[in-house]
Structures are given as C-alpha cells and as structure tokens.
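Heavy atoms only: backbone and side chains are in, while hydrogens, waters and symmetry mates are out. First the proteins, then the strands, lettered A, B, ... as listed; each starts at 1.
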2 protein chains.
Amino acid sequence: MIRVLVAEDQSAVRAGLVLILRSAPDIEVAGEAADGEQAVALARELRPDLVLMDVQMPRLDGVSATRRIVAERLADVLVLTTFDLDEYVFGALRAGASGFLLKNAEARELLEAVRTVARGEGLISPAVTRRLIAEFAARPAREPAADPSVLDRLTRREREVLSCLGEGLSNAGIAERLEMAEATVKTHVSRLLGKLELRSRVQAAVLAQELRI
Amino acid sequence: MIRVLVAEDQSAVRAGLVLILRSAPDIEVAGEAADGEQAVALARELRPDLVLMDVQMPRLDGVSATRRIVAERLADVLVLTTFDLDEYVFGALRAGASGFLLKNAEARELLEAVRTVARGEGLISPAVTRRLIAEFAARPAREPAADPSVLDRLTRREREVLSCLGEGLSNAGIAERLEMAEATVKTHVSRLLGKLELRSRVQAAVLAQELRI
DNA sequence: CCCCGGCTGCATCCTTCGATGTACCGCGGG
DNA sequence: CCCGCGGTACATCGAAGGATGCAGCCGGGG
C-alpha cells in the first residue's frame, strides 16, 4: 500500500486528486495539506511514502517545501503543476523532487506516476522531458580538466592557503584568517605554486575555483 | 505515418524491433542499419522521422552516430540499450538524443516511446530518470550570484583585460596578448577593479571565472 | 569652431607578492 | 643517540602589481 500526502491549496483540485488516488486499490491517501508549511509538518508527522506537491501554494511554495522534505528524507516528492515553466521544473528537480507531472495528465497517468515514484524510479512529464534533456546537454560536462588528485601533493596548511586564495584574499588577509605571519603565508603560497606548477596566485585562485574550494 | 530507421548490430534483436514496429499501423520501418556508419549514411539518404539507435555497435558507436545525426538535423534519435550505465545515458543525452529507453521495455512501451519522440517530446526510461534528475540536481545551478550586468560598466578594452585576468595572465602577458604597454594594462586593471569594487586582480580572476569569460 | 567627457594610452611611485635562505619541531631509521 | 626529512614558520630582497597624474583621440553639443 502506497501512502500518499496530497499538498494542494485549491480544495476542489485537491478533492479531485484524492478521488483519483482513492480509486486505486494499492494507494492510500495518508493526509491532505493546503499549503507548504502544512505539507512539511504533515510529512514529518505522517511519514508518507510520497508527497504529491503542487508548486503554487501560499505560505511556503511547493519547491521550498520539497527542498525541506527531501532534506529531512521524509518522503519522495512528486511535483504537480499546471505550467511547465522552466523555473518550476528545474527548481523542483534541483530541490530534490523525484518526479514532475503536469496537471493535464490523465488519471491513469497520475496513478502510474505515483507507483513509479514509489518504486524509487523517476518520472518526468513527456512535454518537459525534452527541455530537461536540452538543459542537461547545455550544461558543460563536469570538467575533468581540474584534477582533484593534484591536491594530494599539498600539505594541509597549503590546502588551507589555497582555499583562501580562491576567495581572492591577500597574503595579509590569509595571515589573519589562518593566524600566522604574512611571511609564512608567502612561504605556503610559494610552495603550493611550485607543487601545482603554477606561476602566480591568480592561477592558483582560478584552480581553486575550478576545484570548488 | 512515422518513418523509423532501426540501427542495431545484432540481427536477431533488430528483427524483433522491426516486428514490433511493423505491428503498429502508424509506424513504418524506413530502413535498417547494422552499425553506426550505416546508420548515419542511411539517415542522410532516407531522412526518417526517427532513428532507433543501439548504443553498442561496431565501427561507430551509437552515441557518436547520434551526435552526427543530430548535428546534421537528420532526425530525432531514440537511444536503446541493455545497460543503463551513466556514461551511456549522459553521453547519449549530451549527444542530443531525444529519448533513452532500456531494452527490457515492453513492446507497448517501445511503440509509445516512438510516438512520444515523434511528437517532439522527450522520453526517458523510468529506471534512469531518477539518476538523470540526481545528476541534474548535482550540477551547480547557473549561479545568479555573478551578475553579468556589472560588465556593462566596463569598456571593451577593460572587458578584454578582465578576460585575460580570468586566464591567470600577468600584466606582461596581457600586454603581449592585447598588444599594449604593460603600463597601459595596469591602467585598465586598476580601472576595472575600481568599477567592480574589487581590491585585487585575484578577485577579478575569480569573478571572471564565475562569469565564464 | 571649441569645449567637454569618456576611452585609450603611457610613466612614476609605493605596495604587495614571490623566491630564497634559514630555523625550529616532530618523527622514524641507522 | 644523532641524523635526515618533511612540515611549519619567519626575514630579506628583487619583481610584479596597483594607484595616480597626465596626454592624445574621438564624438556630441553649445
């Protein structure tokens, strides 16, 4: 039995969703929420298998609610919306939603979507899948250019200094942050430049950026 | 009528796919290819609506073939594979595939997938959708942190210098690249630092990185 | 026409950076 | 024990960077 929490502010729509869900023998409506805050609260309380989440809701929008629920690992989230705006789709998926369905979906599709997500799989409305693919393809592949293994050659202190360099700090700034003399900072900078085969702190900063540190 | 080109090296599997496709009244098998090279050549010749593409094929693999077909805008590509390895999935999607289906799909699902892609929508096997979402979410959101509008305040020359800074070049290096005296480079660096409210070239380099310039 | 303001270019001066030499500490092996 | 080695720390000095002042150049008004 799949226990579902329905989060949708328009009561008529919510009633419709509940009706559809109840029509399935393997699905049970565990609760109903009329806004995002309630959705999070009820998810904590009821621990459903899945939350059917509308995007547009008062108090706390569906995307934010999704983020919280996923962060606390309370349940999987299937996001439901009328509009297939990119910001909704990408926002919801980045928030950790397991699926994204448009409201114009058939009742049958909705039930199938619930079962799919409950199985631990993912589901995207066909109409938005192509844009997701496009967006995905557009993003540059995680550049293997920046090789984290080079960091192994650095000592802990040197890594700390490199991190500071990535923030654009001056030697004086680093000295203050790491509580050492500026002269010492220079030593570390010099050594890490040598180990990484760089010629200036600027290149080190760029590298730190690429390595996200 | 949807015209489909089937690209699959194992003849038995290919025959099975053709049989399934022929069973649908709205789908026509326009041709069959036994490797990637053939697939590209036949796509050029037959101009099908859609190519059903296996990943593992001799001579030219399915991902590369997909890349070519999409680059030439010959047809949409629905990639088919036995294994849902990340490299296949992400590779195929980045190559421009419109859909990705596992071979364990039912005949009905296959036909539905063909129709979906032919409609211009996208389709991903549920089993791999979740990983696509995860991968998508893992990629850093195009950070709005770095605001491209600040660049409007810079002159063309200053933007060129900023770009060089982003590569970690020294003033001397920039002078050579842009063919001006080092003293002039310093002027531009100084001015752009002021306009961007930064305090060192390192911060400018970091900013240039974030803006991807 | 001339003037003005912004862009571009260069030179001067002081600050910061980076290379180098040295010293201290802790640790493992001869 | 003493030595060597790697990590950390600091001082010194030449080199690079950054601020500032100033000059030519162009385009739009007055």
Side-chain angles (χ1 to χ4, degrees), chain A residues 143 145-213, chain B residues 143 145-213:
Chain A
E143 44 236 307
D147 182 1
S149 73
V150 297
L151 291 181
D152 296 348
R153 282 185 276 180
L154 301 185
T155 67
R156 184 163 42 80
R157 219 58 172 146
E158 286 162 356
R159 273 193 294 271
E160 290 171 10
V161 171
L162 177 57
S163 166
C164 292
L165 284 178
E167 296 180 39
L169 291 179
S170 67
N171 287 337
I174 298 173
E176 190 178 343
R177 170 88 64 92
L178 301 183
E179 293 179 21
M180 59 174 100
E182 186 179 334
T184 307
V185 177
K186 292 184 179 182
T187 305
H188 290 307
V189 171
S190 213
R191 296 180 81 79
L192 73 86
L193 287 181
K195 288 182 181 177
L196 301 178
E197 296 177 0
L198 303 175
R199 285 197 283 77
S200 82
R201 71 197 289 105
V202 182
Q203 298 177 346
V206 170
L207 181 69
Q209 282 295 107
E210 287 176 353
L211 293 173
R212 309 199 175 16
I213 50 181
Chain B
E143 40 232 309
D147 181 2
S149 73
V150 298
L151 291 181
D152 296 348
R153 283 185 274 179
L154 301 185
T155 68
R156 184 164 43 80
R157 220 56 174 146
E158 287 162 355
R159 273 192 294 270
E160 290 171 10
V161 171
L162 176 58
S163 166
C164 291
L165 285 178
E167 295 179 40
L169 291 180
S170 67
N171 286 337
I174 298 173
E176 190 177 345
R177 170 87 64 90
L178 300 182
E179 292 180 19
M180 59 173 104
E182 188 180 334
T184 306
V185 176
K186 292 184 178 181
T187 303
H188 290 306
V189 170
S190 213
R191 298 184 83 78
L192 74 83
L193 287 181
K195 289 183 181 177
L196 300 178
E197 297 177 1
L198 303 175
R199 274 167 34 278
S200 82
R201 70 197 291 105
V202 182
Q203 298 178 346
V206 170
L207 182 69
Q209 283 294 107
E210 288 177 352
L211 292 172
R212 308 197 171 28
I213 54 180

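Of all non-hydrogen atoms in B/Ala181 and B/Ala175, the two that sit nearest each other are C-CB, 4.0 Å. Considering every non-hydrogen atom in both A/Ile174 and A/Cys164, the closest pair reads CG1-CB, 3.6 Å. The shortest non-hydrogen separation linking A/Ala205 to B/Val202 is CB-CG1, 3.4 Å.
For the side chain to side chain contact (heavy atoms under 4.5 Å, CB included) criterion with A/Val161, the lone passing option out of A/Thr184, A/Leu169, A/Thr155, A/Leu178 is A/Leu178. Checking A/Arg201, A/Glu176, A/Lys186 one by one against A/Asn171, the side-chain hydrogen bond (donor to acceptor under 3.5 Å, both in side chains) holds for a single residue, A/Arg201.
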Worksheet, complete the sentence: Whether each nucleotide of nucleotides 24-29 of chain D has a protein heavy atom under 4.0 Å at its base (B), only at its sugar-phosphate (S) or at neither (-) is summarised, 5' to 3', as ------
Discussion item. For a quick check, with a 4.0 angstrom heavy-atom cut-off, what is the B/S/- contact string for nucleotides 14-21 of chain D, read 5' to 3'?
Written reply: ---BBBB-
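Rounded to whole Å, atom P of D/dG6 lies 17 Å from atom CZ of A/Arg159. Atom CD in A/Glu158 sits roughly 13 Å away from atom C1' in D/dA9 (whole-Å rounding). Nucleotide C/dG6 holds its C1' atom 14 Å from the CG atom of B/Leu154, rounded to whole Å. At whole-Å resolution of the value, CG in B/Leu192 and P in C/dG6 are 18 Å apart. In this structure, B/Asp152 atom CG and C/dG6 atom P are separated by 17 Å, rounded to whole Å. We find that NE2 of B/His188 is positioned 6 Å from C1' of C/dT8, with the value rounded to whole Å.
Nearest to the side-chain atoms of A/Met180 among the listed nucleotides D/dA9, C/dC10, D/dG7 stands D/dA9.
For the pair A/Gln209/A/Val206, no side-chain contact is recorded, criterion being any heavy-atom separation below 4.5 Å from C-beta on.
Under the 3.5 Å distance criterion, the side-chain polar atoms of B/Glu158 are left unmatched by any main-chain donor or acceptor of B/Leu154. Looking only at distances, a side-chain donor or acceptor of A/Arg159 sits under 3.5 Å from a matching main-chain atom of A/Leu151.
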Practice prompt. Would you check, one step at a time, whether the test side chain to side chain contact (heavy atoms under 4.5 Å, CB included) holds for B/Gln203 with B/Ser200?
Written response: CA-CA 6 Å; B/Gln203 298 178 346; B/Ser200 82; 3.9 Å; yes
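Nucleic acid contact class of B/Thr155 (heavy atoms, under 4.0 Å, all strands): sugar-phosphate only.
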